[in-house]
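Working notes, beginning with the structure itself.
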Amino acid sequence: MAVSGPASSSERPWSDPRKGMSSDNIKGLVLALSSSFFIGASFIVKKKGLKIAGASGVRAGAGGYSYLYEPLWWVGMITMVVGEIANFAAYAFAPAILVTPLGALSIIISAALAHIILRERLNIFGILGCVLCVVGSTTIVLHAPQEREIVSVKEVWDLATEPAFLLYAALMIATTLILIIHFVPRYGQTYVMVYIGVCSIVGSLSVMSVKALGIALKLTFSGLNQLTYPQTWAFTMIVITCVIIQMNYLNKALDTFNTAVVSPTYYVMFTTLTILASIIMFKDWDRQGAIQIFTQMCGFVTILAGTFLLHRTKDMVEASTAPSFSMRLSKHIEDGCELEAIPLQRHASL
């Protein structure tokens, strides 16, 4: 008589999608919402600290690290850490395709605070863009897949070492190296997509490792010790490495370009790549019908439309206030008393 062994990772059952959101998904949702509030506020506090530090030292965008001596920047960093811890915990309970899109809320918070504190204008169309982001995120949340039931970090390692995800990881690492070596020195100060590209690509890999580490800690606290597995520590090292790279290039992006462009651009790229990585690694769309998948895609397209509208209308505002210049102006006012431009490309002569 054959004895059935433990189910493989590909056969591990999921919660029944017909029963609505599971308790784990609800926990992940609450944690993700809390995370967005903290992270959205941290963008503004950190940028304020970067501006103060840049006034008396070498700006982060020019390769300086004077912001490390600015207390306000550290307040922003602590706020971001709190948000990231909540985000970290959210990934342990819910799939990335549910948690990641809720970052749209941080865009709204950062854009609103930037309008009030940093005097970066946000018009009615920008507000409409933020609303579209929320509508799209809500659509995704309501149709998100249930979390896969995993009983060991070794299962996550098996998923991460499947050929499809290894190919994805190799392509992302190669692209990151090309950006850092070739494009950052030449175009980092000119195009926002260069810095944000590095952050987003590395971020998609870090989220997969964060989720693996979160699952390992959740299982450990429930009585199934995962700290004895080398895979847990391998995921930990990947997380640390990715976070350091992300923070470095995100600081450069924030110091060089306007917050209202950095936040949505980072969100769109990071979310797109993270959802793609999660679909490949965790097979989030398994056992979901075509209608559910289509609805999630519609929600994501709505988010993209919202961020594009926010981005584009900000350029239109700058073009109307300075018609003699290109729509892509540089951020040439650093004293915080006048309106900053929002460039996709900085003016070459500045």
Report the C-alpha separation of I215 and E155 in whole Å, then their side-chain angles, then the decisive distance to 0.1 Å, and conclude whether the side-chain contact (heavy atoms from CB on, under 4.5 Å) test is met.
CA-CA 10 Å; I215 290 172; E155 290 185 30; over 6 Å; no
Q189 and K252: side-chain contact (heavy atoms from CB on, under 4.5 Å), yes or no, with the steps?
CA-CA 9 Å; Q189 296 288 307; K252 292 178 183 294; 5.9 Å; no
Checking ring-ring contact (aromatic ring centres under 6.0 Å, His included) for the pair F235/W157: CA distance, chi angles, key distance, verdict?
CA-CA 9 Å; F235 283 126; W157 184 264; 5.4 Å; yes
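Side-chain heavy atoms closer than 4.5 Å link hydrophobic residues (I, L, V, M, F, W, Y) into clusters, and following such links, possibly through other members, connects V192 to I178.
Counting all heavy atoms, side chain and backbone alike, Q296 lies closest to P145 at NE2-CD, 3.9 Å. Scanning all heavy atoms of the two residues, the minimum distance from T272 to F300 falls at OG1-CZ, 2.9 Å. Taking every heavy atom of both residues into account, T176 and V198 meet most closely at CG2-CG1, 4.2 Å. The heavy-atom pair separating S209 from I238 by the smallest distance is OG-CG2, 3.1 Å. Here the closest heavy-atom approach between residue V210 and residue V239 is recorded as N-CG2, 3.6 Å. Contact detail for S204 and Y168: the closest heavy-atom pair is OG-OH, 3.0 Å.
Looking at heavy atoms from C-beta onward, I201 lies in side-chain contact with L179 at the 4.5 angstrom threshold. Between F43 and L250 there is a side-chain heavy-atom pair separated by less than 4.5 Å. Under the 4.5 Å side-chain criterion, counting only non-hydrogen atoms from C-beta, F257 is in contact with Y195. Side-chain contact between Q226 and K154: absent, with no pair of heavy atoms (C-beta onward) separated by less than 4.5 Å. Between T139 and H143, some side-chain heavy-atom pair lies under the 4.5 Å cut-off. For the pair F38 and S42, the minimum side-chain heavy-atom distance is 4.5 Å or more. K48 places none of its side-chain heavy atoms less than 4.5 Å from the side chain of W73. Proximity of I303 to S137: side-chain heavy atoms (C-beta onward) are separated by under 4.5 Å at one or more points.
In this structure, W285 contributes its side chain and I293 its backbone to no donor-acceptor pair below 3.5 Å. Here the side chain of S200 pairs a donor or acceptor atom with the backbone of I196 at under 3.5 angstrom. Remark: side-chain polar atoms of S36 are paired, donor with acceptor, to backbone N or O of L102 under 3.5 angstrom. Checking side-chain atoms of S278 against main-chain N and O of I275 turns up no donor-acceptor pair under 3.5 Å.
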Going by atom type alone, with no hydrogens or angles, which donor-acceptor pairs under 3.5 Å involve a side-chain atom of residues 81-99 and a protein atom two or more places apart or on another chain?
residue	atom	partner	partner atom	Å
Y91	OH	T100	OG1	2.7

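A cation-pi geometry, defined here as NZ or CZ lying under 6.0 Å from the six-membered ring centre and within 45° of its normal, holds between K211 and F282.
The existence of a salt bridge linking E70 and K46 is excluded, since no basic side-chain nitrogen approaches an acidic carboxylate oxygen closer than 4.0 Å.
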